[in-house]
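Structure first, then comments.
Just the heavy atoms: all of them, side chains too, but no hydrogens, waters or symmetry mates, feed the values below. From a predicted model like this one, the values you see are computed outputs, not experimental measurements.
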Amino acid sequence: NTIKNCTITLNENYPNSIGVFSTSTSVAAGTTLAATSSAGTNSFNTFISNTISNVAYGIYLIALPVTATVYETGNVIGGSTPVLGNNITFGNTNIALGTGVWSRFSGVSIAGIHYRNGGDVVIQNNTIASYPLAYGQVNCGGIFMSSAGTGGVAPVVAYSARVSNNTISIVNNGAAATSGIDFGYG
């Protein structure tokens with residue numbers, strides 16, 4: 001799958017406004033719809049040359065924690081040249097912690113790109129900027145990569161992440177932590 005050359009403008013005042021969202025672990029009508037094998041994950045997606053603005057979150061990808069049988073991999077956010085990068089402007093100070101209705105979603109950290117639990121990813125040549133607001137979340141940043149393990153335990157499958165040539169401008173007028181790139185844990 002490729003999402004390319006799109007202009008996405010939403011309402012950043014709505015706490016669940018996400019420019020591009022993907023999950024292979026979610027809940028609908030009380031039923032868990034989680035991938036049970038790597039075949040059910042959202043792997044090998046490419047997001048290039050998009051302009052995303054007026055959103056609470058730019059690009060938010062959620063996967064199940066990496067295991068030997070469930071392994072989301074091969075996602076590319078931005079391309080090999082600056083022309084293929086995404087331009088993301090994001091921010092919302094009114095997001096209640098843990099707002100989203102999706103499994104493994106976290107409103108604790110607000111970011112232009114959030115890659116949660118997946119393995120092998122390339123994030124390059126993106127331009128990410130926050131609105132200059134007083135963020136109340138625990139952390140505000142350009143790129144967040146959260147744990148790929150289960151329950152704080154490192155994943156059983158080796159994976160890699162390549163983050164390069166991104167331009168990040170975060171202005172936080174509040175007391176929350178601010179990060180350009182946060183690899184989190186796992």
Side-chain angles (χ1 to χ4, degrees), residues 1-4 18-26 34-35 37-50 52 55-90 100 102-130 137-170 177-186:
N1 299 317
T2 299
I3 297 178
K4 177 181 178 182
I18 302 172
V20 176
F21 179 73
S22 172
T23 181
S24 58
T25 172
S26 197
S37 72
S38 292
T41 65
N42 289 327
S43 295
F44 304 106
N45 296 297
T46 302
F47 309 92
I48 54 174
S49 301
N50 298 295
I52 302 169
V55 294
Y57 302 89
I59 297 174
Y60 203 122
L61 307 181
I62 305 173
L64 286 166
V66 172
T67 68
T69 56
V70 181
Y71 184 35
E72 188 161 312
T73 185
N75 288 309
V76 177
I77 303 171
S80 58
T81 67
V83 172
L84 296 175
N86 299 289
N87 291 305
I88 301 169
T89 306
F90 74 98
W102 312 281
S103 298
R104 294 183 172 80
F105 177 85
S106 173
V108 172
S109 299
I110 186 169
I113 297 172
H114 201 143
Y115 191 70
R116 189 165 173 82
N117 294 331
D120 297 332
V121 65
V122 175
I123 302 173
Q124 61 187 4
N125 288 306
N126 298 289
T127 300
I128 302 166
S130 70
Q137 291 80 6
V138 173
N139 200 345
C140 172
I143 300 170
F144 284 158
M145 301 177 63
S146 301
S147 172
T150 303
V153 177
V156 295
V157 177
Y159 67 94
S160 67
R162 185 175 69 218
V163 180
S164 63
N165 301 320
N166 295 286
T167 301
I168 300 170
S169 175
I170 305 298
T178 304
S179 303
I181 300 170
D182 185 341
F183 274 93
Y185 54 92

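Here OG of Ser164 is found 9.5 Å from CD1 of Ile123. Values are rounded to the nearest 0.5 Å. In this structure, CD1 in Ile59 is found 11.0 Å from CG in Asn45, a value given to the nearest 0.5 Å. In this structure, the separation between CZ on Phe47 and OG1 on Thr2 is 9.0 Å, given to the nearest 0.5 Å. Interatomic distance, OG of Ser43 versus CG of Asn75, reported as 6.0 Å (0.5 Å rounding). Asp182 contributes atom CG, which lies 11.5 Å from atom SG of Cys140 (distance to the nearest 0.5 angstrom). Residue Tyr57 holds its OH atom at 7.0 Å from CD1 of Ile18, rounded to the nearest 0.5 Å.
Counting heavy atoms from C-beta outward, Thr23 and Tyr60 have side chains that stay 4.5 Å or more apart. Side-chain atoms of Phe44 and Thr73, non-hydrogen and from C-beta on, do get closer than 4.5 Å to each other. Inter-residue side-chain proximity for Asn86 and Ile113 is flagged as unmet; no heavy-atom pair is nearer than 4.5 Å. Residues Asn166 and Ile143 are in side-chain contact: their nearest non-hydrogen atoms beyond the backbone lie under 4.5 Å apart.
Put simply, the side chain of Asn126 never gets that close to the backbone of Gly85: no donor and acceptor are under 3.5 Å apart. Counting only distance, with no hydrogens or angles, the side chain of Gln124 and the backbone of Gly79 share a donor-acceptor pair below 3.5 Å.
For Phe144, the ring pair (Phe, Tyr, Trp, His ring centres under 6.0 Å) partners are His114, not counting sequence neighbours. With sequence neighbours excluded, the residues satisfying side-chain contact (heavy atoms from CB on, under 4.5 Å) with Thr167 are Thr127.
Nearest heavy-atom pair, Ala161 versus Phe183, reported as atom, atom and distance to 0.1 Å: CB-CE2, 4.0 Å. When all heavy atoms of Ser130 and Ile170 are compared, the pair lying nearest together is OG-CA, 3.4 Å. The minimum heavy-atom distance between Ser49 and Val83, with the atom names listed, is OG-O, 2.9 Å.
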ask   = Could you walk me through whether Glu72 and Asn42 pass the side-chain contact (heavy atoms from CB on, under 4.5 Å) check?
value = CA-CA 6 Å; Glu72 188 161 312; Asn42 289 327; 4.1 Å; yes

request  = Could you give me the CA-CA distance, side-chain angles and deciding distance for Leu84 and Asn125, then say whether side-chain contact (heavy atoms from CB on, under 4.5 Å) is met?
outcome  = CA-CA 7 Å; Leu84 296 175; Asn125 288 306; over 6 Å; no

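Tested against Ile77 for a side chain to side chain contact (heavy atoms under 4.5 Å, CB included), the candidates Val122, Val163, Leu61, Ile88 yield a single pass: Leu61.
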